[in-house]
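Just so you know, these numbers use all the heavy atoms, side chains as well, and skip hydrogens, waters and symmetry mates.
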Amino acid sequence: MTRKRVAIIGAGASGLTAIKCCLDEGLEPVCFEKTNEIGGLWCYRESDEERDGLACVFKSTVINTSKEMMCYSDFPIPKEFPNFMHNRYVNRYFHLYADAFDLRKHIKTYTMVKMVTPADDFESSGCWRVDIMDRASNREWTEIFDAVLVCNGHHTYPYIPEFEGVKDFEGTVIHTHDYKRPAGYEDKRVLVIGVGNSGCDAAVELSRTAEQVFLSTRNGTWVLNRLQDHGIPADLVGVRRMWDLVPYGIRQAEFERRLNQQVDLEKYALKPKHHIFAAHPTVNDELPNRIANGTVKVKCNVKCFTKTGVVFEDGTTEEIDCVVLATGYTFSFPMVDPNVVHVDKNQASLYKNVFPPNQKHPTLAIIGLAQPWGAINPISEIQCRWATRVFKGTTLLPSKDKMLDYINTNKEDMKKRYVSSQRHTIQVDFITYMDEIASEFGVKPEFKKVFAQDPVLALRCFFGPCYPYQYRLIGPGKWEGAKQAIETAWGRMLAAFDTRKVPVVETSSLGFWLKILVVIVVIVGVWWTFI
């Protein structure tokens, strides 16, 4: 029997796992990568020409999710890799993954997909016409595929807002999409507009060499650290199933209390009007320090530009040399027929952010279109596992009406919870979303069954971090190494710190005896009071 051919657009974090999932399901993947390298967003590119039309990190970018939470579910990141990886390590992991599963032979580099449209016989076959171009020779051709996985990401097209007077501004204006490193900003007065992750990363980095950095925010933001108490990665503490036992309001209030206990965001001019769970937070370990030492000054929204500076909405003015717009992105799929996937103001009607509901045949899927409270790689992977089984015919989608009902309900829920913004149209909670997709094809952990077979493992999964490996314990794609990966994950986290043998120092017993003395004094005091 002829294997179904699947076109995959992009060889980044989503595209690589798409290739593997196709192979796991006996499909034939053909991946088209427009550059000469894999890694997508995490492959740093220096030249403007290389960056054109591509997502790309800063030279210094470090990922915000820890390695045990961001890995693919059947390929743990090496224990010696740091817990929060610089982009070099992230890209290296992708290369290890590609080599481990022999994915490279399925990738056509320097080849781009120009357009995907339904084939002439789509109504009967569900096939797609894919127009392709070799970027080296400009040769163009067309192929027919049984299915398509769109993995081009959502950090490619910068959103550039209009500001009054900006055309007359004599300084430089760039978007963080085009920012690479702080060279050239020495002794400049720099304004960064936007307090998302990229904006705060840029502000912190530039503040080390610029004369002054101003950080402009419209609404403020909650700022999270990468590390929790005792230096443990915060997502290993925060992303756990057990927190669902705590009422939403209590959980939110406690989270906010702990954040303000670390740094009073009101004092630091960062506190927003909205609650922590009503917007995507910012992860930055250094920003409060830079504000405290004065190298970053937080300002309100920009009202207008002058020739040499800006006027803020509170009436204050500043002379500015350079502006960095950290104003986010708009996502779109220009290579896909707009009648198939239509995007309007970052809104796309997709069933669980993956499948267009109006297609007679579910043979095209969008991968990685999510902004999670957590890591994106496991989300892209589980989307691909689901989509490839739908392509193969072993998993069925609900009816069109049920999919549309889900889409409409989800949009209403998003409006109720999140601050109105283009960035909050694809927001998801990691565990909730992973469980939703896992339920579609039978890989969501069933804790009653797991507990009956292995109580310790069940307790680890429920009360411990929700590692991606949990979704390989049962069902299609079950991985025999999943249990061991869960049991050894904490050790791999600790191993990254094991770079020096620390001498063992005997702890003093003075503290213990002081506690005993205090207890004795209290008992004597109570006895003396009542005799």
Side-chain angles (χ1 to χ4, degrees), residues 13-14 16-21 23-25 63 65-85 89-90 92-103 228 232-242 372 374-386 388 430-431 433-435 437-439 441-498:
S14 297
L16 291 174
T17 192
I19 299 171
K20 181 181 178 297
C21 291
L23 296 173
D24 289 345
E25 293 297 334
I63 199 162
T65 50
S66 68
K67 67 179 182 181
E68 290 299 322
M69 300 301 288
M70 65 150 283
C71 64
Y72 297 120
S73 62
D74 59 355
F75 194 69
I77 294 172
K79 65 179 183 180
E80 63 272 14
F81 278 31
N83 284 294
F84 291 96
M85 298 185 290
Y89 279 95
V90 177
R92 195 180 305 172
Y93 172 64
F94 291 148
H95 281 263
L96 291 173
Y97 183 75
D99 292 338
F101 298 107
D102 199 17
L103 306 182
Q228 247 304 350
I232 300 300
D235 53 2
L236 292 185
V237 178
V239 186
R240 300 187 180 204
R241 295 179 181 278
M242 69 175 187
I376 186 63
N377 294 354
I379 284 178
S380 293
E381 180 192 37
I382 206 164
Q383 289 175 336
C384 288
R385 291 173 66 190
W386 175 35
T388 50
F430 181 80
I431 297 178
Y433 184 75
M434 290 286 287
D435 280 356
I437 303 298
S439 297
F441 65 109
V443 299
K444 179 183 174 182
E446 297 179 30
F447 287 105
K448 288 183 180 179
K449 290 184 179 179
V450 176
F451 188 84
Q453 297 171 359
D454 192 331
V456 175
L457 177 62
L459 292 173
R460 280 181 187 273
C461 290
F462 189 80
F463 290 101
C466 185
Y467 300 120
Y469 320 121
Q470 289 191 17
Y471 298 94
R472 292 282 184 175
L473 289 170
I474 64 169
K478 178 181 177 180
W479 176 42
E480 294 302 324
K483 177 185 174 183
Q484 183 182 17
I486 293 169
E487 293 172 341
T488 56
W490 200 263
R492 284 191 299 277
M493 179 272 291
L494 293 175
F497 298 117
D498 192 16

Check whether any side-chain heavy atom of [X] sits under 4.5 Å from a side-chain heavy atom of [Y], and report yes or no.
X    : Y    : answer
K444 : Q470 : no
F101 : L23  : no
V443 : I437 : no
K478 : R472 : no
Y72  : I77  : no
Q228 : P233 : no
P82  : F497 : no
E381 : D74  : yes

So, the side chain of [X] versus the backbone of [Y]: is there a donor-acceptor pair under 3.5 Å, distance only?
X    : Y    : answer
K67  : M493 : no
R241 : G464 : no
R385 : P476 : yes
R240 : F463 : yes
N377 : C71  : no
D235 : S66  : yes

For the [atom1] atom of [X] and the [atom2] atom of [Y], what is their distance to the nearest 0.5 Å?
X    : Y    : atom1 : atom2 : value
D24  : W479 : CG    : CH2   : 12.5 Å
K20  : D102 : NZ    : CG    : 12.5 Å
I63  : I376 : CD1   : CD1   : 10.5 Å
C466 : L236 : SG    : CG    : 11.5 Å
L457 : R460 : CG    : CZ    : 8.0 Å
C461 : F451 : SG    : CZ    : 12.5 Å

Measure up the Y467 and Y469 rings against each other and bin them: parallel (under 30°), tilted (30 to 60°), perpendicular (over 60°). tilted

Between F447 and F462, how do the two ring planes meet: parallel, tilted or perpendicular, split at 30° and 60°? perpendicular

Can you list the steps and then say if M70 with F84 is a side chain to side chain contact (heavy atoms under 4.5 Å, CB included)? CA-CA 10 Å; M70 65 150 283; F84 291 96; over 6 Å; no

Kindly determine whether R92 and M85 satisfy side chain to side chain contact (heavy atoms under 4.5 Å, CB included), including the steps that lead there. CA-CA 10 Å; R92 195 180 305 172; M85 298 185 290; over 6 Å; no

Considering all heavy atoms, the nearest P445-I474 contact: CA-CD1, 4.2 Å

Show the nearest heavy-atom pair for residues I382 and A438, with the distance to one decimal. CD1-CB, 3.8 Å

Take atom CD in E487; do more than 12 heavy atoms of anything else shown fall under 6.0 Å from it? yes

How about F81 and Y93: are their ring centroids closer than 6.0 Å? no

